[in-house]
Amino acid sequence: MIPQHSKNKLKRNFYTRDLLIVAKDLLGKILVKHDNDKIFSGRIVEVEAYDGLIDRAAHTYSGKTKRNEIMFNKGGYFYVYFTYGAHFCCNIVTGEKDHGTAVLIRAIEPINNIDIMIKNRFGRELLNEKEKFNLTSGPGKLCQALGINKSHYGIDLTGDKIYLINANKINDDSIVVAKRIGIKKSINLPWRFYIKDNPFVSKK
DNA sequence: CCACGGATTGGCT
DNA sequence: GCCAATCCGTGGA
């Protein structure tokens, strides 16, 4: 089901490129999480970019803290944070060391172990077909579905625990560029990218 | 030490 | 569409 060949795993040089390039290129790639004997996976369909240098909404805008320090690493690390007293959100660190840039994964299209994702999200069976699209269509939702939490903070994405599998680049015609959602600062930066017409995107 | 508010979600009007 | 829930990182006193 998942293309497991190691040559398809994205390497360091994918992540260390410029924030906005990586953000758009992440669309369509497969996020994979190994959980003991189980493998969760999903196709990235929506992301947002954050850059501490010029972006007041970025967690790195005010400099390095214990919470955001992984964002100052070179690209290819996993930044997980907890928010609103309830939700984890996960990011892909990008760029060179000390850039303080990362891409928030806002939505994925489930591929593997969907039945467990349903259990993780709802603690019950699906009530209807529509709920299928409510599984991973938001940053907090997808972390809950995949069981991503603070223990995954700082994971090296070139390792074997959490990583990305390459896939064909999404054509620019199929990428929607929009303003980011749910922030109060730097609200006009057009740094949200999602796959056009994909039903797992968090919001039109 | 304490107060504030958030890269969200789900339920109710 | 509006708003409460819920906790902890962060920053100011």
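Lettering follows sequence order; numbering is per chain, from 1. Remember, predicted model here, so these are calculated numbers, not experimental data.
Here the C1' atom of nucleotide dA7(B) and the CD1 atom of Ile105(A) are 13 Å apart, to the nearest Å. For the pair Arg180(A) CZ and dG6(B) P, the interatomic distance rounds to 14 Å; values are reported in whole Å. Atom CD1 in Ile70(A) sits roughly 16 Å away from atom P in dG9(C) (whole-Å rounding). Look at NE2 on His59(A): it is 11 Å from P on dG11(C), rounded to the nearest Å. Protein atom CZ of Arg67(A) is 10 Å distant from nucleotide atom P of dG11(C), rounded to whole Å. Nucleotide dT8(B) holds its C1' atom 12 Å from the CD atom of Glu48(A), rounded to whole Å. With rounding to whole Å, Arg56(A) atom CZ is found 14 Å from dG6(B) atom C1'. Here dT10(C) presents its P atom at 13 Å from NZ of Lys64(A), a figure rounded to the nearest Å.
Nearest heavy-atom pair across Met117(A) and Ser41(A) is CE-O, 3.4 Å.
Geometrically, Arg180(A) engages Tyr50(A) in a cation-pi contact defined by less than 6.0 Å to the ring centre and at most 45° from the axis. Because its NZ or CZ atom is not both nearer than 6.0 Å to the ring centre of Phe14(A) and within 45° of the ring axis, Lys11(A) does not count as a cation-pi partner of that residue.
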- Note on the structure: The dot-bracket string of DNA chain C, counting Watson-Crick and G-U wobble pairs with both distances under 3.5 Å, using [ ] for crossing pairs and | for pairs to another strand, is |||||.||||||.
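In this structure, Ile183(A) reaches the sugar-phosphate backbone alone: every heavy-atom distance under 4.0 Å involves primed, P, OP1 or OP2 atoms, never a base. As judged by a 4.0 angstrom heavy-atom cut-off over every strand, Ala57(A) is placed among the base-contacting residues.
Each of Thr83(A) and Ser62(A) was matched to the nucleotide of DNA chain C holding its nearest heavy atom; the match closer to the 5' end belongs to Thr83(A).
A donor and an acceptor atom sit less than 3.5 Å apart, one in the side chain of Tyr81(A) and one in the base of dA7(B).
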Would you tabulate the nitrogen or oxygen pairs shorter than 3.5 Å linking the protein to nucleotides 9-12 of chain B?
from	atom 1	to	atom 2	distance (Å)
dT9(B)	OP1	Pro139(A)	N	3.2
dT9(B)	OP1	Gly140(A)	N	2.8
dT9(B)	OP1	Lys141(A)	N	3.0
dT9(B)	O4'	His87(A)	NE2	3.3
dG10(B)	OP1	Arg121(A)	NH1	2.8
dG10(B)	OP1	Arg121(A)	NH2	3.2

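Regarding contacts with the backbone of dG9(C), every side-chain N or O of Lys66(A) stays at 4.0 angstrom or more from both OP1 and OP2. Remark: Thr65(A) is not in phosphate contact with dG9(C), judged by side-chain N or O atoms under 4.0 Å from OP1 or OP2.
Evaluated for a side-chain contact (heavy atoms from CB on, under 4.5 Å) with Phe78(A), the options Asn91(A), Leu157(A), Ile70(A), Asp156(A) yield exactly one hit, Leu157(A). Of the candidates Thr94(A), Val93(A), Leu164(A), Tyr15(A) forms a side-chain contact (heavy atoms from CB on, under 4.5 Å) with just one, namely Leu164(A). Under the side-chain hydrogen bond (donor to acceptor under 3.5 Å, both in side chains) rule, Tyr163(A) has a single partner from His34(A), Lys33(A), Lys9(A), which is His34(A).
Between His99(A) atom NE2 and Leu19(A) atom CG the span is 10.5 Å, to the nearest 0.5 Å.
Residue ring and nucleobase are not stacked for Tyr84(A) and dA5(C) under a centre distance beneath 5.5 angstrom and an angle between planes beneath 30°.
Atom name C1', nucleotides dG5(B) and dC3(C): the rounded distance is 15 Å, in whole Å.
Note: Tyr81(A) and His59(A) meet the aromatic proximity criterion, with ring centroids under 6.0 Å apart. Aromatic ring centroids of Tyr77(A) and Tyr79(A) lie 6.0 Å or more apart.
No donor-acceptor contact under 3.5 angstrom links the side chains of Arg56(A) and Ser186(A), judged on distance only.
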